[in-house]
Colleague: 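Just dropping this structure here.
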Amino acid sequence: MKILIRATNWVGDAIMALPALRVVRARFPGANISILARPYVADIYRGQNICDVLISYDPQGPHAGLSGRERLAKELRMHKFDVALLFQNALDAAWLAWRAGIPERVGYARDGRSLLLTKKIPLPKPGEIPAHEQFYYLELLRRAGWIDSLPGESFVTLDVSEEHHRQAEETLLLAGARPTGVRIAIGAGASYGSAKCWPPEHFADFINRFSLHTDADVILFGTASEQRVSEAIAAGIIGPFISLVGKTAIAALPALLSRCHLFVGNDSGAMHVAAAVGLPIVAVFGSTDPHGTAPITPRCTVVQEKPYCSPCFLRRCPTDHRCMTSVRPEAVEAAARAWLRSAEVASG
C-alpha cells in the first residue's frame, strides 16, 4: 500500500502531529509512506523514521499558482498512491489529493472540501477529545478506523544525529558561544502573528536580570522575518549576547537548540522544537491556550496572565495587548532560574 500524508503548514503543528505520524508508521509497517510538506516542515521531519519519502510542496517556488499546483498534482499522480491522509485542513490539501487521482482521501470534513473527500471525518465537538492538539490528529486516525483509542504522548522527541550535533556545536562556537557553561536560547518571534509575542523590552529586561546572577551565553534565535524584533531586544540588552536570527536554516534548528540548556520564548514553532530535543521550556502564553498548544514535555513552565479576553487566538491584538504586557520579566526570570537549579541538582 502507498500512503500520502499531507503535513500541516506550521512547524509547531508539525511537532504536535508526530504522535499520529508515528502511529501510522507502526500501524502500516510494510506500507510505502510519503509525506507532502512545505520545505521547512520537511526539513524538521527529515531523519525521523516516520516515512519513506519526503515530498516538498513550495507554493512560493515551483508550485506557485494554479499551474504550479497542477504540476505538483501530476508529480503525485505518478506515484500511484492508494490513500491520502490529510492532516492539513485546507481545501487545497483535498484538491491536490483529488487532482492527483488518489482513490481514497481521508480528512476532516471542513473548509468546504467534503465533496473532494471519500472518507469525510466529522470534526470533534468541544469536550469530545482531550484539548491538546496532538489528539486532534490522533482522533482523525481513530475516526478513520486506523486505531482503536487515543494513545497520546507526554514527551515528543526529535532525533538529532551525531553529525548534526557536531555541526551545530561548530556553528555556536564560531558565533561566539563558549565551549563550556550554560547557554540560554531565546525565541522571541512567532510566525502566526504578533499577538503571540512578548514585548521586546520585556525580553531585554528578563535577559538583563538573568545575566546579573548567571554567567550564561544568551543566544537569540529566529527567522529573517523576525530581525526587527531581535534588533529591538538587542537595543535593550546591557551585556554580551549572540544573535543567530536570520543566519541559520530551520533544518539546523533542532541541532542548534539541542546544544543549549534552556529555552525561553513565546508559543512558537521554535518552542516546540526546543522541547522535542529535550530542553526545559519557559513559555510565555497570552493570546493562545496552553491546554491546546503547550509543548509536549513534562519539562515546561508556562508563564501567563489571563485577562478576560485571553485566549482570543487572533494574529494581532486589536486593543492594548494586555495578555502579554502584563507578564512580568521577574516571573519569567524566576521560572528560568528554577529550571537551571533543577539541572544543577541533577548533574550533581
Side-chain angles (χ1 to χ4, degrees), residues 1-58 76 79 81 83-88 93 132-138 140-141 146-147 150-169 171 185 187 191 221 223 248-260 263 268-279 281 293-300:
M1 181 167 63
K2 299 191 73 174
I3 301 172
L4 176 69
I5 301 175
R6 174 65 170 96
T8 62
N9 284 344
W10 302 95
V11 170
D13 293 346
I15 300 294
M16 291 185 283
L18 276 171
L21 289 170
R22 288 176 173 141
V23 164
V24 175
R25 177 78 280 178
R27 173 71 175 80
F28 301 104
N32 184 288
I33 299 175
S34 297
I35 294 179
L36 177 66
R38 297 289 177 91
Y40 47 87
V41 172
D43 285 339
I44 292 292
Y45 281 162
R46 210 172 305 280
Q48 300 306 310
N49 299 314
I50 53 175
C51 67
D52 302 284
V53 180
L54 280 165
I55 303 172
S56 181
Y57 172 25
D58 188 359
L76 296 175
H79 287 271
F81 291 109
V83 183
L85 177 66
L86 309 180
F87 283 167
Q88 208 250 340
H132 198 274
E133 190 170 323
Q134 67 166 310
F135 297 103
Y136 179 79
Y137 306 110
L138 290 164
L140 177 62
L141 302 183
W146 290 19
I147 56 175
L150 302 182
E153 296 185 19
S154 60
F155 181 31
V156 168
T157 60
L158 280 174
D159 295 327
V160 179
S161 69
E162 287 301 319
E163 176 63 15
H164 288 156
H165 276 303
R166 184 188 63 77
Q167 292 172 357
E169 185 66 18
T171 297
S191 57
F221 288 89
T223 63
T248 58
I250 290 180
L253 187 60
L256 288 166
L257 288 172
S258 74
R259 307 305 298 170
C260 299
F263 176 91
S268 64
M271 173 195 74
H272 287 282
V273 172
V277 297
L279 266 65
I281 307 295
T293 58
I296 307 173
T297 174
R299 307 177 71 200
C300 175

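Model, not experiment: these values are computed from the prediction.
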Colleague: What are the two closest heavy atoms between V41 and N9, and how far apart are they?
Modeller: CG2-O, 3.9 Å
Colleague: Is a side-chain N or O of Q134 found less than 3.5 angstrom from the main chain of I296, in a donor-acceptor match?
Modeller: no
Colleague: Between S258 and H165, do the side chains contain a donor N or O and an acceptor N or O under 3.5 Å apart?
Modeller: yes
Colleague: Find the distance between CG (L18) and CZ (R25) and round it off to the nearest 0.5 Å.
Modeller: 14.0 Å
Colleague: Rounded to the nearest 0.5 Å, how far does CG of L4 lie from SG of C51?
Modeller: 10.5 Å
Colleague: Compare all side-chain heavy atoms of C260 with those of L279 and state whether any distance is below 4.5 angstrom.
Modeller: yes
Colleague: Specify the closest pair of heavy atoms between I281 and A275, including all atoms of both residues, with the distance to one decimal.
Modeller: CD1-N, 3.6 Å
Colleague: Tell me, do V23 and P151 make a side-chain contact under 4.5 Å, heavy atoms counted?
Modeller: yes
Colleague: Is the shortest side-chain heavy-atom distance between T248 and L253 below 4.5 Å?
Modeller: no
Colleague: Quick one: does I44's side chain get under 4.5 Å of V273's, heavy atoms only?
Modeller: yes
Colleague: Quick check for you: to the nearest 0.5 Å, what is the distance between T293 atom OG1 and H272 atom NE2?
Modeller: 5.5 Å
Colleague: Is S268 reaching over with its side chain to a backbone N or O of M271, donor-acceptor style, under 3.5 angstrom?
Modeller: yes
Colleague: Do the side chains of I3 and N32 get nearer than 4.5 Å, heavy atoms only?
Modeller: no
Colleague: Report the C-alpha distance between M16 and V156 in whole Å, list the side-chain angles of each, state the deciding distance to 0.1 Å, and finish with yes or no for side chain to side chain contact (heavy atoms under 4.5 Å, CB included).
Modeller: CA-CA 8 Å; M16 291 185 283; V156 168; over 6 Å; no
Colleague: Taking all non-hydrogen atoms of both residues into account, name the closest pair between A255 and H164 and its distance.
Modeller: CB-O, 3.4 Å
Colleague: Where do P39 and S56 come nearest, in terms of heavy atoms and distance?
Modeller: CG-OG, 3.3 Å
Colleague: Is R22 close to T157 at the side-chain level, that is, under 4.5 Å between some pair of heavy atoms?
Modeller: yes
Colleague: Begin with the C-alpha distance, continue with both residues' side-chain angles, and end with the deciding distance and a verdict on side chain to side chain contact (heavy atoms under 4.5 Å, CB included) for W146 and L85.
Modeller: CA-CA 11 Å; W146 290 19; L85 177 66; 3.7 Å; yes
Colleague: Within the side chain of Q48, is there an N or O that forms a donor-acceptor pair under 3.5 Å with the backbone of D159?
Modeller: yes
Colleague: Any idea which heavy atoms bring L86 and A93 closest together, and the distance?
Modeller: CD2-O, 3.9 Å
Colleague: Can you name the closest pair of heavy atoms from A20 and L138 and give their distance?
Modeller: CA-CD2, 3.6 Å
Colleague: Before you tell me yes or no, could you show the steps for F87 and L141 under side chain to side chain contact (heavy atoms under 4.5 Å, CB included), namely the whole-Å CA-CA distance, both residues' side-chain angles and the distance that decides it to 0.1 Å?
Modeller: CA-CA 10 Å; F87 283 167; L141 302 183; 4.3 Å; yes
Colleague: Any side-chain heavy-atom pair from F155 and R299 closer than 4.5 angstrom?
Modeller: no
Colleague: What I want to find out is whether R166 reaches E163 closely enough, with some N-O distance under 4.0 Å, to be called a salt bridge.
Modeller: yes
Colleague: Donor-acceptor check, side chain of K2 to backbone of A31, threshold 3.5 angstrom: yes or no?
Modeller: no
Colleague: Test side chain to side chain contact (heavy atoms under 4.5 Å, CB included) on R38 and D58; report intermediate values, then the result.
Modeller: CA-CA 6 Å; R38 297 289 177 91; D58 188 359; over 6 Å; no
Colleague: To the nearest 0.5 Å, what is the distance between CD1 on I55 and CD1 on I35?
Modeller: 10.0 Å
Colleague: Which distance, rounded to the nearest 0.5 Å, do you find between the OH of Y137 and the NE2 of H132?
Modeller: 10.0 Å
Colleague: What distance do Y45 atom OH and I5 atom CD1 have between them, rounded to the nearest 0.5 Å?
Modeller: 8.5 Å
